[in-house]
Amino acid sequence: MKHSFKFFFLFLTVILSCKKTETKDCDDSLSLYSKAEFPIGVAIEPYDLLAGTRNLEIVSRQFNSITAENVFKPNNLHPSQNTFNWTEADEMVNFAIAESKRIHGHTLIWHNQLPPWMNSFEGSTGDWEQIFKDHIQSICHHFKGKISSWDVINEAFTDDGNLRNTIWKQNIGASYLEKAFLYAHEADPSALLFYNDYDLVLNEKKRRAVIQFIKKLQQRNIPIHGIGLQMHISIIHPDNSSIAEAFQEFSELGIKIHLSELDISINPLSKSLNLTDELLEKQANKMAIVSYHYQQIPKSLRYGISFWGHSDAHSWIRSFFNREDYPLLFDDNYEAKPVYCKFYESL
Ligand code: XIL
């Protein structure tokens, strides 16, 4: 990146960070999505829908787009070859419809959270293509007209920019990627189709590979409408100029950009932690930077910012990485944190 650009971003960072986090105008009886010009989403679990809970109150008031944190994944929706389990997913969809919220489907094809039968399936290339197509199309048909968009493929690239060696690549070949988009589109032509992955801001090599992949699909008229940047980031990484650069590069593709799983770790190095106001302030400032650069994307390409949960108490970061952390907008007692307030201000 040119030096003048670097200076600009440094200057911007200083300005945005110096603006003190004001909590006086920020109380969580306000609503993020009512203020925003783009959808504000959250990943939820079935317990978030329990009547009378603070979880439900937060989801309902703050967010107008819903992603299921787990219930739409293959192991939950498709537990055996001829069985689909729609119950919990339908409950979420019905909730979203009743509250006029958008539902984003996550995820049709992935290498994790697969049902055992799929992982151990044996058959010819044709048999594999059949179960692959049936999986995608049964799910897309079931939710047709109710779900706005799908993460068709999740995390198909490795950190060094190669195609991950998943069961789908092994048994169908690299063409599984474009086939997934074609099959999903055939089953639900009005759903918007996304490719979703992590570290696309931090890791330039991976970003280049994904951009090439999307361009290739576009050149061949394969329906792809958006990129999901997961954004499991931290107060340290990625640096602010990379955020600007990555958002700019993806907007140049002319597809929608969904910050699909945002959380901001304050303990990325898994140290023993003393949760200070300074750390919370750093988290709030990082959020302001993300929000600022997101709002530089042309409006028609902003699919929304979705958080991977609401309260720190339930964040996947703690259990998955086994560390103390506070990556979300609400604290363990469901109180709004400085990061919530700064985000609200930035909208
Ligand atoms: C995570 C969930 O949050 C956890 O509850 C589950 O145990 C593992 O998966 N990238 C993704 C998400 O695309 O599906 C992951 O969700 C987090 C990383």
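We number each residue from 1, following the sequence as shown. Order of appearance sets the numbers: ligands from 1, and atoms from 1 within every ligand.
Considering every non-hydrogen atom in both F132 and A180, the closest pair reads CZ-CB, 3.7 Å.
At distances below 3.5 Å, not a single donor-acceptor pair connects side-chain atoms of D151 with backbone N or O atoms of I153.
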Sub-3.5 Å pairs, protein N or O with ligand 1 N or O:
from: ligand 1; atom 1: 3 (O); to: E69; atom 2: OE2; distance (Å): 2.5
from: ligand 1; atom 1: 3 (O); to: W308; atom 2: NE1; distance (Å): 2.9
from: ligand 1; atom 1: 5 (O); to: E69; atom 2: OE2; distance (Å): 3.4
from: ligand 1; atom 1: 5 (O); to: N70; atom 2: ND2; distance (Å): 2.9
from: ligand 1; atom 1: 9 (O); to: K73; atom 2: NZ; distance (Å): 3.1
from: ligand 1; atom 1: 9 (O); to: Q113; atom 2: OE1; distance (Å): 3.2
from: ligand 1; atom 1: 10 (N); to: E155; atom 2: OE2; distance (Å): 3.3
from: ligand 1; atom 1: 10 (N); to: Q230; atom 2: OE1; distance (Å): 3.3
from: ligand 1; atom 1: 10 (N); to: E261; atom 2: OE1; distance (Å): 3.0
from: ligand 1; atom 1: 13 (O); to: H106; atom 2: NE2; distance (Å): 3.3
from: ligand 1; atom 1: 13 (O); to: N154; atom 2: ND2; distance (Å): 2.9
from: ligand 1; atom 1: 13 (O); to: Q230; atom 2: NE2; distance (Å): 3.3
from: ligand 1; atom 1: 13 (O); to: E261; atom 2: OE1; distance (Å): 3.3
from: ligand 1; atom 1: 13 (O); to: E261; atom 2: OE2; distance (Å): 2.8
from: ligand 1; atom 1: 14 (O); to: K73; atom 2: NZ; distance (Å): 2.7
from: ligand 1; atom 1: 14 (O); to: H106; atom 2: NE2; distance (Å): 2.7
from: ligand 1; atom 1: 16 (O); to: K73; atom 2: NZ; distance (Å): 3.1
from: ligand 1; atom 1: 16 (O); to: W308; atom 2: NE1; distance (Å): 3.3

Under the ring-ring contact (aromatic ring centres under 6.0 Å, His included) criterion, do Y303 and H225 qualify, and how do the steps go? CA-CA 10 Å; Y303 198 62; H225 311 106; over 10 Å; no

Practice item. Show the numbers, then the answer: is there a ring-ring contact (aromatic ring centres under 6.0 Å, His included) between W168 and H135? Key: CA-CA 12 Å; W168 309 114; H135 173 76; 7.0 Å; no

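A heavy-atom distance below 4.5 Å is not found between the side chains of E261 and Y198.
Every residue two or more places apart in sequence or in another chain was checked for a salt bridge (Lys or Arg N to Asp or Glu O under 4.0 Å) with R164, and none qualifies.
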